[in-house]
Amino acid sequence: MHAAQRPMSFRVVAVVALLWNLFGLFSFYTNVTATPAVIASWPEAQQQIAAATPRWVFVAFAIATICGVLGSLGLLLGKRWAVPVLLLSLLAILVQFGSIYAITPTSALTGVGGAILPLCIALFGLFLWSYAGKAAARGWLH
């Protein structure tokens, strides 16, 4: 079965999604490999958040970023399996940020402004999963 003709916007969304998620994977790598010396160079609030974040939260971070990259690659390749992989990424994003805000002093240290990036990440994850689902429904994925 051949996928229906995909519009140019599909490829643009898929490429942007892959680049976005590769940046997320880089962010994961830099956070996981940050040495005490590197962490000491961060702003005080960031240091406090890092100290209060349990290591298990990085499992959700890993799932979110790795599934984001794989799902975006699947989308770019026109694969139907991108839909559940992007859903797993979205769920991991929600667990990651939900846990950080529930367990650490992030909210008190960063205020409302600190929630902007996590909210944008979650919304983009929701958009990608939704877009992939619509692409599958339109026959653009096989």
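Side-chain heavy atoms closer than 4.5 Å link hydrophobic residues (I, L, V, M, F, W, Y) into clusters, and following such links, even through other members, never connects Val32 to Val95. No continuous path of ILVMFWY side-chain contacts below 4.5 Å connects Ile100 to Ile116, so the two sit in separate hydrophobic clusters. At a threshold of 4.5 Å between side-chain heavy atoms, the hydrophobic network of Ile, Leu, Val, Met, Phe, Trp and Tyr places Leu22 and Leu76 in one connected group. When the side chains of ILVMFWY residues are joined at heavy-atom separations under 4.5 Å, either directly or via intervening members, Val57 and Leu25 end up in two distinct hydrophobic clusters. Ile93 and Ile49 are assigned to two separate hydrophobic clusters, defined by single-linkage of ILVMFWY side chains at heavy-atom distances under 4.5 Å.
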Could you list the donor-acceptor pairs under 3.5 angstrom formed between side-chain atoms of residues 123-133 and any protein atom two or more places apart in sequence or on another chain?
none

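Within the 4.5 Å cutoff, the side chain of Trp20 has heavy atoms near those of the Ile121 side chain.
Shown here are the side-chain contact (heavy atoms from CB on, under 4.5 Å) partners of Leu91, two or more places apart in sequence or in another chain: Leu87. Checked against side chain to side chain donor-acceptor pair (under 3.5 Å), Ser72 has the following partners two or more places apart in sequence or in another chain: Asn21. Residues passing the side chain to side chain donor-acceptor pair (under 3.5 Å) test with Gln47, sequence neighbours excluded: none. With sequence neighbours left out, the side-chain contact (heavy atoms from CB on, under 4.5 Å) criterion links Leu19 to Val15. Every residue two or more places apart in sequence or in another chain that forms a side chain to side chain donor-acceptor pair (under 3.5 Å) with Thr106 is listed here: Thr104.
In this structure, Ser89 contributes its side chain and Ala64 its backbone to a donor-acceptor pair below 3.5 Å. At distances below 3.5 Å, at least one donor-acceptor pair connects side-chain atoms of His142 with backbone N or O atoms of Gly78.
Closest heavy-atom contact between Leu18 and Val69: CD1-O, 3.8 Å. The heavy-atom pair separating Leu94 from Ala122 by the smallest distance is CD2-CB, 4.2 Å. Across all their heavy atoms, Gly74 and Ala82 have their closest contact at C-CB, 3.8 Å.
Within the structure, ring pair (Phe, Tyr, Trp, His ring centres under 6.0 Å) contacts touching residues 55-105 (residues at least two apart or in different chains) are Phe28-Phe61.
Rounding to the nearest 0.5 angstrom, the gap separating the OG1 atom in Thr53 from the CD atom in Gln48 is 11.0 Å. Within the model, atoms CZ of Arg6 and CG of Leu141 stand 6.5 Å from one another, a figure rounded to the nearest 0.5 Å.
Grouping Ile, Leu, Val, Met, Phe, Trp and Tyr by side-chain contacts under 4.5 Å, direct or through others, puts Ile39 with Val38, Trp42. Side-chain contacts under 4.5 Å among hydrophobic residues (ILVMFWY), followed directly or transitively, place Leu88 together with Val59, Ile63.
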